[in-house]
Amino acid sequence: MVERPMDERAILRTELRWVIVVAIAVLIIVGSIVISSAAVVLHPPSSVERIDPTTLHVSGEFVEDNLGAVQNRDGSVTVRLVATQFAFVPNCIVVPADRPVTFRITSPDVIHGLLIVGTNVNTMVMPGYVSEVRTTFPRTGEHLMPCHEFCGLGHSEMWSRVRVVEPAAWQPDENGRVSCETPARSPVEEAPEETPQ
Amino acid sequence: MKQRAEPLILAHLWVAFVAFAIASVMGAAQMLSRSPLTAPAEGPEAYFISVTAHGTLMAYVLPTLFVMGFGYFVATTALARPLPGLRAAWLGFWLALVGTLLAALAVVTGRATVLYTFYPPLTGSALYYLGLVLVVVGSWIWIVLMILAMREWKYENPGRPVPLAMFATVANAVMWLWTTAGVAVELLFQVIPAALGWKDTIDVGLSRTLFSWTLHAIVYFWLIPAYIAFYTMLPQAAGGRLYSDTMGRIVFILFLLYSLPVGMHHLFMDPGHGTGFKFLQMMLTSLVTVPTLLTIFTIAASLEIAGRLRGGKGLFGWIAALPWHRPMVLAAGLSFVMLGLGGFGGLVNMGYGMNAMVHNTSWVTAHFHLIFGGSVVIMYFAIAYEIWPKLTGRRAVGTGAMRVQLWTWFIGVLVTTLPWHALGLGGQPRRVATFDFSEPQIAWWAPWILVSTVGGALMLASALLFIWNLVGFHRGPATGERHMTYALAVHPPMHLPRALNGFALWNWLVLFLMVVAYGYPIAQFFFVDGPPALIQRVTEAG
C-alpha cells in the first residue's frame, strides 16, 4: 500500500476490519454456547418453584421421613434434601450409577448452596424456593458435597457425601428408599473410590 | 489546575488506598486460614469478619473513593476549569468517609458478619447498611458534579468535543447512577427495614435479583478508570498518540449500554428464575466482550505508533522499543496480560451451561482477583504514580521502586490466582474458613493452596510498597510542575455528532434494555405469590 498509513480514512478502514474480526469472535463464543445448550440440553437449574420455608418440617414433601433417595416407578431416583444451618439432611446419600437422578432441595432458614465435587451438579438453595437439579452419575465412587454459599459462622463445617454404587447394589427397602445406613446388599458396593479431578 | 481541588482529590485517593492496604493485610491472613498453615487469628468468626471487611473495603471503599477522586482530577485538568460545587464535593467525601467508618465499626465488632454481598435473610446491624448507603450517597453527589462540570464546559465551548477523558468519566458517572439503583432499592426497601426490626420476612429471590442488577455493572465502574488510562494517559506516557478518539467514545458508550442488562449471569444457579431470562442475559453478556476487544486493537495501534516513533522496526520490533521503564507503560502491559487470562476465565463463567462447573468455587474468586485485583488495580497504581506529582507538585526520587512494586503485584496475582483456577475446577468452594486436609479426597488441594498463599504474601508486600512509594512523593523534591497532559489523538476530532458527545440518547437505550432484561424478572416477585423467608439477625458478636 502506498497510501499514508495515518490517513484518517486508512485508520477507519483498519478499525472496520477489526470490528469484523470482533464480530466473528463474538459469534463463535455465542454460537458454541447456544449449540451446546440446545444440542446437549445443557441448562442451569431453573425450576422457579415456591414453598413455605416455615412449614417444611410439618407437612409436605420435605418432612423428615420423606428425605433421602427414593426410587420412582420408572426406575429413576429422586433425592430430597433440606439444607439447614449447618448440615444437609440427610448428610449422606447413596445413589445408583447410570440411572437418572433428580435432586430436590430447599432451605428452612437462610441461603445455602450445593456442589457435588467432581460433577457439574451445582445449585443455589434458597428459603422459599425448591431447587431441582437432574443428573446421571456415570461412575461409582464417593463424592464430597460441600455447602458453597455463606450461611453463617458454621458454614465451613457443612460437608456431606454422595456415594455412587453399582445399580445392582442399590436395593431399595419396602418404601423404595436407600440410605447410607442401609446394610450393603451386594459386595459390588465396595467398588474402588475415585479421586475427583 | 485550580489549586484548591488538590486537597479534595488527595483526600479521596488516600482514603481509597489506606482502605486498600488494610484490606490487603486481611486478604493475606484469610489465605493463611484456608491453608494447612496457621493464621494469626484462626477460627470462623475471625475469618468471616475478615472476609466481610475485605470485600467491603476492596469492592466498595477502594474503587468508589478512587473513581470519585480521579473523576475530580479529570474534571479539573481535562476541562481546565474549576470544579463546580467544591463544597458539595467535600460533603460527598465526608459522607463517604463517615459511612465507611460506621460500616467498619459494625463489621469489626462482629455485628455484621454477612459478607459484602449481604445474603439476606441473614441480617446484620443496620449501622453496616446505613454506612454503605452514606458511601453511595456521597458518590451520587460526585455523579451530579461530573454531569454539571461537563454541561458547564459544553455551554462555554459550544460545538466542541468534550475531551475524551471527561467523556469517559461522565459515562462512568451515568452508569454508576444506573448501577446503584438495584442495591439501593434492596437496601432501602428490604434489608434496612429488616435490620431495624420493622420487618420479619424477606423475599430472597427479589433481593438477589436487585443485587444482581448492581453486581455486574459495578465491575465496570471499577474498570473504567483503567480504560481511561489506556486511552488518554498510556499513549502519552509511551510517547505516541491515540490511534482513534472516536473508537474510545464508542467503547465507553458500549460499556454504559452492556454492563447493565447482564447481571443475571450471577444468578444462573438460582432457582428463582427460569431459563428464558438467564439465556437472554447470557446473550447480552457476550456483547460486553466487544468494548474490550475493540480496545485491544486501538491501544495496540496507539502503542505501535509510539514504538515506531522511538525507532522500533519490523513486525514486532516496536514492542521492544516502547519505554517499558515508565510505570504507566509497564503497568498497562502487565494489565493486558492479566486481562487476557481473566477474560478467558470469564467466558467460562458466562457460559450458561459451563457455569455449573465453577459457580461458587475458587475459580470465580480467581477470576475476579485476576480481573479486578490484577488488571484494574495495577492501573490504579499506574494512575496514582502518574498524577501524584501533579497533585503534590513534587516528583519521586526514581521510578525503580515503582517498577519493582508493579512486577511484584503482577507475579503475586498470577501465583495467587492460577492455583485457585485449578482448585475451583477441583471443586474447592469459596468462602470456607478452613479445610479438613485429612480427608483423602481433598488432600491434593493443600500444596496448591500453599502456592497461592505465597502469591498472597507477594501481593501484600507489593501493596505496602505501593503505600511507601506514595509517601515518597510527598517527601520528594519540589518541582512546581502540576500541568497534566492527556494523549492527543492522531486526528483530534473537530466536530462530533451529538450522540458521541453526550448521553441523552444512550440513557434511553439503557432504560429500554433494562426494561427488557429486568422487567419481568423483577415484576414476577410481585405477582407470583410466594411465602417469604424469615429474617435471621446476626447482630450479636460470637
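In the text below, chain A, chain B and the rest are named by the order of the sequence lines, each starting its count at 1.
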(request) Kindly assign one of parallel, tilted or perpendicular to the pair B:Phe435 and A:Trp159, based on the angle between their ring planes and the thresholds 30° and 60°. (result) perpendicular
(message) Quick check: closest heavy atoms across B:Thr275 and A:Pro44, and the distance to 0.1 Å?
(response) CG2-O, 4.1 Å
(message) Between B:Ile296, B:Thr246, B:Leu294, who has the most heavy-atom pairs with chain A when the cutoff is under 4.5 Å?
(response) B:Leu294
(message) Report which part of A:Val48 has an atom under 4.5 Å of a heavy atom belonging to chain B: side chain, backbone, both, or neither.
(response) both
(message) Within the supplied structure, the quantity of interest is the number of heavy atoms (other residues, nucleotides, ligands) at a distance under 6.0 Å from A:Arg134 CZ; does it exceed 12?
(response) no
(request) Enter the distance from A:Ile33:CD1 to B:Asn355:CG here, rounded to the nearest 0.5 Å. (result) 10.5 Å
(message) Does any backbone or side-chain atom of B:Ile202 lie under 4.5 Å from a heavy atom of chain A? Answer side chain, backbone, both or neither.
(response) neither
(message) Less than 4.5 Å to any heavy atom of chain A: does that hold for the side chain of B:Arg241, its backbone, both, or neither?
(response) neither
(request) Mind telling me whether A:Phe150 and B:Phe48 have parallel, tilted or perpendicular rings, with 30° and 60° as the class edges? (result) tilted
(request) Answer with side chain, backbone, both or neither: which region of B:Val290 has an atom nearer than 4.5 Å to a non-hydrogen atom of chain A? (result) both
(message) Is it the case that atom CZ in B:Phe437 sees more than 12 heavy atoms from other parts of the structure closer than 6.0 Å?
(response) yes
(message) Can you tell me which portion of B:Phe279 sits under 4.5 Å from chain A's heavy atoms? Options are side chain, backbone, both or neither.
(response) side chain
(request) State, to 0.1 Å, how close B:Lys278 and A:Pro45 come at their nearest heavy-atom pair, and which atoms those are. (result) NZ-O, 2.9 Å
(request) Measure B:Arg431 against the heavy atoms of chain A and call it side chain, backbone, both or neither at under 4.5 Å. (result) both
(request) Write down the atom of A:Asn122, the atom of B:Val358, and the distance for their closest heavy-atom approach. (result) ND2-C, 4.5 Å
(message) Looking at chain B, which one of A:Glu157, A:Glu49, A:Arg161 has the largest number of heavy-atom pairs inside 4.5 Å, strictly under?
(response) A:Arg161
(message) Rounded to the nearest 0.5 Å, what separates atom OG1 in B:Thr289 from atom CD1 in A:Ile29?
(response) 5.0 Å
(message) Could you measure the distance from the CG atom of A:Leu115 to the CD atom of B:Gln428? Nearest 0.5 Å is fine.
(response) 10.5 Å
(request) Compare every heavy atom of B:Pro429 with every heavy atom of A:Cys147, then report the nearest pair and how far apart it is. (result) O-CB, 4.3 Å
(request) Verify the distance criterion only: is there a donor paired with an acceptor across the side chains of A:Thr14 and B:Tyr243 at less than 3.5 Å? (result) yes
(request) Supply the atom-to-atom distance B:Ile250 CD1 to A:Glu15 CD, rounded to the nearest 0.5 angstrom. (result) 7.5 Å
(request) Enter the distance from B:Asp270:CG to A:Ser131:OG here, rounded to the nearest 0.5 Å. (result) 8.0 Å
(request) Go through the atoms of B:Val114 and report whether side chain, backbone, both or neither lie under 4.5 Å from a heavy atom of chain A. (result) backbone
(message) Tell me if the CZ atom of B:Phe277 is crowded by more than 12 foreign heavy atoms within 6.0 Å.
(response) yes
(request) Looking only at non-hydrogen atoms, find the nearest pair between B:His273 and A:Ser46 and report the distance. (result) O-CB, 3.1 Å
(message) What verdict does the side chain to side chain contact (heavy atoms under 4.5 Å, CB included) test give for A:Val19 and B:Met247, after you've listed the backbone C-alpha separation in whole Å, the side-chain angles of each residue and the deciding distance to 0.1 Å?
(response) CA-CA 11 Å; A:Val19 167; B:Met247 190 52 93; 4.3 Å; yes
(request) Take atom CD of A:Glu64 as the centre, draw a 6.0 Å sphere, and report whether it contains more than 12 heavy atoms from other residues, nucleotides or ligands. (result) no
(request) Give, as side chain, backbone, both or neither, the part of B:Thr117 having an atom under 4.5 angstrom from any heavy atom of chain A. (result) neither
(request) Indicate the atoms forming the closest heavy-atom contact of A:Arg50 with B:Pro531, along with that distance. (result) NH2-O, 3.4 Å
(request) Counting only heavy atoms closer than 4.5 Å, note whether A:Pro146 contacts chain B via side chain, backbone, both or neither. (result) side chain
(message) So which residue, A:Thr123, A:Val110, A:Val34, ends up with the most heavy-atom pairs under 4.5 Å with chain B?
(response) A:Val110
(request) For the residue pair A:Glu149 and B:Asn360, confirm or rule out a side-chain donor-acceptor distance under 3.5 Å. (result) yes
(message) Please classify the contact of A:Ile51 with chain B as side chain, backbone, both or neither, using a heavy-atom distance under 4.5 Å.
(response) backbone
(message) Can you tell me how the ring of A:His148 sits relative to the ring of B:His359, calling it parallel under 30°, perpendicular over 60° and tilted otherwise?
(response) perpendicular
(message) Please classify the contact between A:Gln85 and chain B as side chain, backbone, both or neither, with a heavy-atom cut-off of under 4.5 Å.
(response) side chain
(message) For B:Asp203, which atoms come within 4.5 Å of any heavy atom of chain A: side chain, backbone, both, or neither?
(response) side chain
(request) Under 4.5 Å, counting heavy-atom pairs only, tell me which of B:Gly351, B:Gly205, B:Ala301 racks up the most with chain A. (result) B:Gly205
(message) Taking B:Gln441's backbone N and O only, do any of them form a donor-acceptor pair with A:Glu142's side chain (distance below 3.5 Å, no angle check)?
(response) no
(message) Less than 4.5 Å to any heavy atom of chain A: does that hold for the side chain of B:Thr285, its backbone, both, or neither?
(response) neither
(message) I'd like to know which of A:Ser32, A:Pro53, A:Gly128, A:Ser47 tops the heavy-atom pair count under 4.5 Å against chain B.
(response) A:Pro53
(message) I need the residue from B:Val51, B:Leu347, B:Val432 with the largest number of non-hydrogen atom pairs under 4.5 Å to chain A.
(response) B:Val432
(request) Among A:Leu12, A:Val130, A:Ile111, single out the residue with the greatest number of heavy-atom pairs under 4.5 Å to chain B. (result) A:Ile111
(message) Quick check for you: to the nearest 0.5 Å, what is the distance between B:Leu115 atom CG and A:His155 atom NE2?
(response) 8.5 Å
